[in-house]
Amino acid sequence: MMSTDSFSVRLLAWFEKHGRKELAWQINPTPYRVWVSEIMLQQTQVATVIPYYERFMQRFPTVQELAITPLDEVLHYWTGLGYYARARHLHKTAQTVCNQYNGVFPTTLLEMEALAGIGRSTAAAILALSQGQRQTILDGNVKRVLCRYHALTKPPTDPQTLAQLWLFAEQHTPDTQLAAYTQAIMDLGATVCTRSKPQCTLCPLQADCLAYQQGNTAAYPVPKPSKILPVKTTFFIIVQQAMGQVLLQQRPAVGIWGGLWSFPECASFNDVVPWIETNLQLSDYHIENGLSLRHTFTHFHLDITPIYIQSKSTPLAIPLLHTCWYDPHHPPAIGLAAPVVKLLKQLAKLTVGEMLL
DNA sequence: AAGTCGGGGAT
DNA sequence: ATCCCAGACTT
């Protein structure tokens with residue numbers, strides 16, 4: 001493999017002066033701690049991750065503790081981070097490490113990549129950051145840095161361009177100080193070579209950067225052609241008892257909000273009343289639709305209309321599978337979809353408002 | 001190779 | 001409103 005070029009020398013010198021070295025997962029960087037941080041940081045920015053990471057590590061200080069905890073509670077600690085498959089994979093891998101590796105993470109790239117939720121770049125990051133192995137990462141930050149440095153004229157999603165990026169990334173990887181270098185190139189992308197308004201005057205790679213030489217850093221990375229997102233609609237049925245408990249239903253393990261708890265749902269407004277008549281034994285109830293809210297996924301917009309139902313006949317029966325009465329005053333440790341959290345907060349305010357009247 | 005999976009921050 | 005972020009998995 002190629003040896004070092006000036007790229008890593010300059011980058012390491014910059015990191016020594018300006019890099020971040022105090023992040024929680026950089027302190028005592030065990031494979032477990034680094035692994036959890038890397039999974040949380042997938043598609044999620046550092047500032048968002050920090051409070052989640054603190055809570056998670058306090059509750060699950062070891063891989064053993066994570067492995068023996070029910071998935072529902074793990075999802076609870078993940079609520080709001082999104083990409084919930086990450087949490088399911090995290091739980092599964094904790095059990096794999098405990099059962100097949102005696103609680104100790106494997107030390108080869110091949111074994112690491114075989115674990116659920118750990119791909120090529122994340123496997124390399126864990127080994128480099130926690131053990132100083134010479135492994136090459138290629139995450140979103142590194143892709144942006146390299147697209148500019150080499151002035152690549154196609155989107156990083158293009159297969160040939162992606163292969164070229166891996167090749168460049170490997171050629172730039174030094175033979176020593178792998179933990180520092182790996183952190184450094186991610187830091188450069190996160191703090192200097194940012195998506196918009198990069199701080200080129202502070203960049204240690206400026207002299208060799210082709211995008212900078214062209215005076216056109218804004219042109220890189222080349223964006224991939226975007227699609228128009230379709231709009232879907234749905235209706236959340238919010239049934240509330242007099243004491244405040246709200247009916248929730250657990251979603252299937254796969255698909256949107258997999259395994260999370262949400263309100264019972266109807267695809268069409270015409271289905272709402274039949275659903276109520278079929279599933280709830282209510283003699284006397286009041287129905288009222290609330291203001292719609294839009295939730296955007298990668299591949300579509302979801303317009304949600306809440307349908308509020310209140311009844312004086314309490315308690316209501318729970319005739320459905322995978323349902324529970326969620327008590328906002330004593331919230332159980334379960335995972336909630338983000339729009340559900342939003343609506344529950346609104347509901348709490350409305351309830352207080354009505355009590356004041 | 002393309003589609004799927006969330007939520008939030010920046011612009 | 002649009003883009004995109006410390007990606008991986010499924011089909």
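Below, chain A is the first sequence line, B the second, and so on; all start at residue 1.
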At under 4.0 Å, does any side-chain N or O of W78(A) touch on OP1 or OP2 of dG7(B)?
no

Do you know the tightest heavy-atom contact between Y32(A) and P61(A)?
CE2-O, 3.5 Å

To the nearest Å, how far apart are F297(A) CZ and dT2(C) C1'?
18 Å

When you match W257(A) and P159(A) each to their closest nucleotide on DNA chain B, which lands nearer the 5' end?
P159(A)

Rounding to an integer number of Å, can you tell me how far Q43(A) CD sits from dC4(C) P?
12 Å

Looking at dC4(C), dG7(B), dA6(C), which one has an atom nearest to any side-chain atom of H295(A)?
dG7(B)

Value in whole Å for how far the P atom of dC3(C) lies from NE2 of H301(A)
10 Å

Integer-rounded Å distance: dA6(C) C1' and L138(A) CG:
11 Å

If we ignore angles and hydrogens, is there a donor and acceptor under 3.5 Å between the side chains of E265(A) and T234(A)?
yes

Closest to the I256(A) side chain: dA6(C), dG6(B), dT11(B)?
dG6(B)

OP1 or OP2 of dG7(B) versus the side-chain N and O atoms of Y84(A): is any pair under 4.0 Å?
yes

Of T296(A) and D139(A), the one whose closest nucleotide on DNA chain C sits nearer the 5' end is T296(A)

Can you check the Y53(A) OH to dA6(C) C1' distance for me, whole Å?
13 Å

Is it the case that more than 12 heavy atoms not belonging to N102(A) sit under 6.0 Å from its CG atom?
no

Looking only at non-hydrogen atoms, find the nearest pair between A180(A) and L12(A) and report the distance.
CB-CD2, 3.7 Å

Sugar-phosphate, base or nothing in reach of G80(A), heavy atoms under 4.0 Å:
sugar-phosphate

Hey, does I39(A) reach any base, or is it just sugar-phosphate, or nothing, if we go heavy atoms under 4.0 Å?
nothing

Check every strand shown and say whether A125(A) touches a base, only sugar-phosphate, or nothing at a heavy-atom separation below 4.0 Å.
nothing

In whole angstrom, give the distance that lies between atom CG of D187(A) and atom P of dC5(C).
16 Å

What contact category does R88(A) fall into here, base, sugar-phosphate, or nothing, at under 4.0 angstrom with non-hydrogen atoms?
nothing

Among dG7(C), dG9(B), dC5(C), find the nucleotide with the atom closest to the side chain of T122(A).
dG7(C)

Closest approach of M40(A) and V49(A), non-hydrogen atoms and distance?
O-CG2, 3.4 Å

Rounding to an integer number of angstrom, what distance separates dC9(C) and dG8(B) when you compare their C1' atoms?
23 Å

Name the nucleic acid region contacted by V142(A), choosing base, sugar-phosphate or nothing; use a 4.0 angstrom heavy-atom cut-off, strictly under.
nothing

Nearest heavy-atom contact between I238(A) and P306(A) is CD1-CB, 3.7 Å

If you pin E38(A) and L115(A) to their nearest nucleotides in DNA chain C, which one's is more 5'?
E38(A)

Nucleotide of dA6(C), dG9(B), dG6(B) approaching T48(A) most closely (side-chain heavy atoms)
dG9(B)

Within the structure provided, determine whether L302(A) and R294(A) are in side-chain contact (heavy-atom separation under 4.5 Å).
no

Give the rounded distance in Å between these two atoms: OH of Y83(A) and C1' of dA8(C).
9 Å

Would you indicate, yes or no, if dC5(C) has its OP1 or OP2 atom less than 4.0 angstrom from a side-chain nitrogen or oxygen of R144(A)?
yes

Measuring only the C1' atom in each nucleotide, how far is dG9(B) from dA8(C)? A whole number of Å is fine.
23 Å

Using a 4.0 Å heavy-atom cut-off across all strands, classify A116(A) as base, sugar-phosphate, or nothing.
sugar-phosphate

What nucleic acid atoms does E113(A) come within less than 4.0 Å of, heavy atoms only: base, sugar-phosphate, or nothing?
nothing

Taking only the P atom of each, what is the distance from dT11(B) to dA6(C) in whole angstrom?
14 Å

Rounded to whole Å, how long is the line connecting atom CE of M40(A) with atom P of dC5(C)?
21 Å

Does a side-chain N or O from Q45(A) land closer than 4.0 Å to OP1 or OP2 of dC5(C), or not?
no

Donor-acceptor pair under 3.5 Å: do we get one between T298(A)'s side chain and the base of dG6(B)?
yes

